[in-house]
J.: 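This is the structure I want to talk about, given as structure tokens.
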Amino acid sequence: MLTNDRVPLIKAKALWMRRTAFTMVHRAQLGHPGGDFSAMDILATLYFGVMNYDPKRPDWPDRDRFVMSKGHATGALYSALCAAGYFPEDWLSTYMQPKSLLNGHPNRNYLPGVETNTGPLGHGFPVATGIAIAGQLTGASYRTFVLTGDGEQQEGSNWEAAMVAGHRKLANLTLIIDRNRLQQGAGTEETSGLDPLDQKYRAFGWDVFEVDGHDHTALLALLSAAPGSKPRCVIANTVKGKGVSFMENVASWHHGVPNDVQYDQAMKELV
Amino acid sequence: MAHAAPTAAGFQDCRDIWVKTLEDLAEADPRIVAVVNDSVGSSKLNSFQKKFPNRLINVGIAEQVMVGVGAGLANGGRIPFVSAASCFITGRALEQVKADIAYANFNVKLVGQSSGVAYGELGATHHSIEDFAWLRPLTNLTVIVPADAWETAEAVKWAAGHEGPVYLRLSRMPVPDLDIPDRKFRPGHAETVRQGEDLTIIACGTTVHLAAAAADVLKAEGISARVLNFSTINPLDESALHDAALTGAIVTVEEGSVRGGLGGAVAEFTSAHQPVPVERVGFPGFLPTGSTDWLFQEYGLSPEGIAAAARRALLRKG
């Protein structure tokens, strides 16, 4: 059963995932490390504390689904899938190389464990809604989790999905919003404000919770809680670049890449 | 299993056979579901909704989530038929069609209803004449435009059994059954409607019967026109195109734009492999308000208009 005993494992995996993701981005000299790092603890909690899956059977019909709607954060997704056993570690060094299976945005036809091809923002949440509807139709037991960025919530297609899920009372659907308050150029609230995000989702018929997106214990409790009667929105308050001092809360690390000095510095901090 | 008995003279709105076929398929396979954007009536899915209330998923006026939900339903083991007016399913949700359906290669059947200029009087926003051009470049997406009721039923059945993304471009414009003996639906293969050797008329969808009538007009003038039904736009039957080019001149006809659709595809092929004169019959761009019939007449989508294009092609053949 899912208990706080899982927390040390989640913590250890999150650290491995951060080191791995940063190494991938440094090697490729491409990536989205800021957004990788704000999402890392959420992914570690899902894969090592919450979800029911089998890396040897990625098509198992009753598997819990995770949709990475913020598809640019492949440093986070690929390190999570690798840690979970979906593919071997030596694939990681091919990140962004020509014809690599580990390309910049995830492709379900390349990698097991990828539920849908994301990249253009606002796509994963509608797809996750469809997965949840399929589950509701068949009375399946699987749960569907989808992670969006917060800047991503500016895309209108998310709100179509929010409306459909609320209307259909998709209690088997959990949306997690990586609320790091930054987007590509600047802060979300100075670009096109999202607040009050919680009130918006409640108005659409969702149960809404807020959590510290880097607190594994709190994340574990919330994400593994039994479904209610409505779809669930978890606003995870996070720090972009969390875990590496010079990245934390700096917008330019959205798609910044570390030089050798920065890489060494980060590896010293990630212990 | 429903099928339309071919008649020489009856004109049919092919939406009736689309719905009957879908219902028969759904009866046999519980995985089949329909997804609509408030378009229950225009997709003629009212009886489907009555028979299978849980399996008609209406997301309201929201095409992007409609197509995304289609992808998600496929992930969840359903076989979704996502049905909406083709102008909106291809226009509003084009990125979803590209990324969630074609690129992700989900087993989703997109059904574009009332395509072409079915909504003639409503104006250009409701005309769907760009869909071929928008969809042709999308890898993995099979694009089929049935020419009559029989072919509509066959295409729906084929789509249900095919593993992969499909776009079925349906019409509400009444069309006669093509009078072709021993028909067999073969996606990716053109169908010969009329034999001929002086030139080839390549038509699709609602224009095929008009092309056949044009061939009859030309025959009276001593011109032998081959007529081909290209019901699969993607992938194109290059073998039939090769043979068509050997006749020395080609006319293409479509209820769509002359830019980038079937005519564009044929011109791409001939210019690369067998340069011959190609006359493209279709719509030039945004169209004025008018009935479907008026628009067809005005822009040469008629037996006389197609015959005139054939004569132009023959002059260029030299």
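Note that the structure is predicted; figures quoted are calculated from it, not measured.
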J.: Under 4.5 Å heavy-atom distance to chain B, tell me which part of A/Tyr142 shows up: side chain, backbone, both or neither.
T.: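 Looking at A/Tyr142, just its side chain touches chain B.
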J.: If you round to the nearest 0.5 Å, how far is CZ of B/Arg78 from CG of A/Leu137?
T.: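 Answer rounded to 0.5 Å: 7.0 Å.
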J.: Above 12 or not: heavy atoms from other molecules or residues under 6.0 Å from CZ of B/Arg31?
T.: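 No, the 6.0 Å shell around CZ holds no more than 12 heavy atoms from other groups.
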J.: Looking only at non-hydrogen atoms, find the nearest pair between B/Gly76 and A/Arg65 and report the distance.
T.: CA-NH2, 3.9 Å
J.: Take atom CZ in B/Arg259; do more than 12 heavy atoms of anything else shown fall under 6.0 Å from it?
T.: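 Not buried by this count: 12 neighbours or fewer within 6.0 Å.
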J.: Roughly how far, to the nearest 0.5 Å, is CZ of A/Arg168 from CG of B/Asn58?
T.: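 One gets 7.5 Å once the value is rounded to the nearest 0.5 Å.
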J.: Please classify the contact of B/Val33 with chain A as side chain, backbone, both or neither, using a heavy-atom distance under 4.5 Å.
T.: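 For B/Val33, the contact with chain A is made by the side chain alone.
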J.: Does B/Lys44 have more than 12 heavy atoms from other residues, nucleotides or ligands lying within 6.0 Å of its NZ?
T.: yes
J.: For atom NE2 of A/His167, is the number of surrounding heavy atoms from other residues, nucleotides or ligands below 6.0 Å larger than 12?
T.: no
J.: More than 12 non-hydrogen atoms from neighbouring residues, nucleotides or ligands closer than 6.0 Å to NZ on A/Lys200, yes or no?
T.: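 Buried by this count: over 12 neighbours within 6.0 Å.
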J.: Any non-hydrogen side-chain atom of A/Ile133 less than 4.5 Å from a side-chain atom of B/Leu73?
T.: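 Counting from C-beta outward, A/Ile133 and B/Leu73 do come under 4.5 Å.
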J.: Could you look at B/Ile57 and say if it's the side chain, the backbone, both or neither that has a heavy atom under 4.5 Å from chain A?
T.: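 For B/Ile57, the contact with chain A is made by backbone and side chain together.
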J.: At a heavy-atom distance under 4.5 Å, which candidate from A/Gly122, A/Pro126, A/Pro120 has the highest pair count against chain B?
T.: A/Pro126
J.: Are the side chains of B/Gln96 and A/Val127 in touch, meaning some heavy atoms are under 4.5 Å apart?
T.: no
J.: Can a side-chain donor-acceptor contact be found between B/Glu95 and A/His123 if the only test is distance below 3.5 angstrom?
T.: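 A/His123 vs B/Glu95: donor-acceptor pair found between side chains.
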J.: I'd like to verify something: which residue of A/Val67, A/Asn107, A/Thr118, A/Thr129 has the highest number of heavy-atom pairs under 4.5 Å with chain B?
T.: A/Asn107
J.: In terms of side-chain heavy atoms, does A/Asn109 have a donor or acceptor partner in B/Tyr103 at a distance below 3.5 Å?
T.: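 B/Tyr103 and A/Asn109 do not have a side-chain donor-acceptor pair below 3.5 Å.
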J.: Give a yes or no on whether the backbone of B/Ala104 and the side-chain of A/Arg108 come within a donor-acceptor separation of less than 3.5 Å.
T.: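 Present.
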J.: Is it the case that over 12 heavy atoms from other parts of the model lie below 6.0 angstrom from the CG atom of A/Leu30?
T.: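 Yes, because the 6.0 Å sphere around CG of A/Leu30 holds more than 12 heavy atoms from other groups.
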J.: Determine whether B/Asn75 and A/Thr116 make a side-chain contact, defined as any pair of heavy atoms from C-beta on separated by less than 4.5 Å.
T.: no
J.: Counting only heavy atoms from other residues, nucleotides and ligands, does the tally under 6.0 Å from CZ of B/Arg172 exceed 12?
T.: yes
J.: Below 4.5 Å from any heavy atom of chain B, which atoms of A/Ala128 appear? Answer side chain, backbone, both or neither.
T.: neither
J.: Donor-acceptor check, side chain of B/Gln64 to backbone of A/Ser157, threshold 3.5 angstrom: yes or no?
T.: no
J.: Check whether A/Thr144 gets within reach of chain B through its side chain, its backbone, both or neither, counting any heavy atom under 4.5 Å.
T.: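 For A/Thr144, there is no contact with chain B at all, as no heavy atom is under 4.5 Å.
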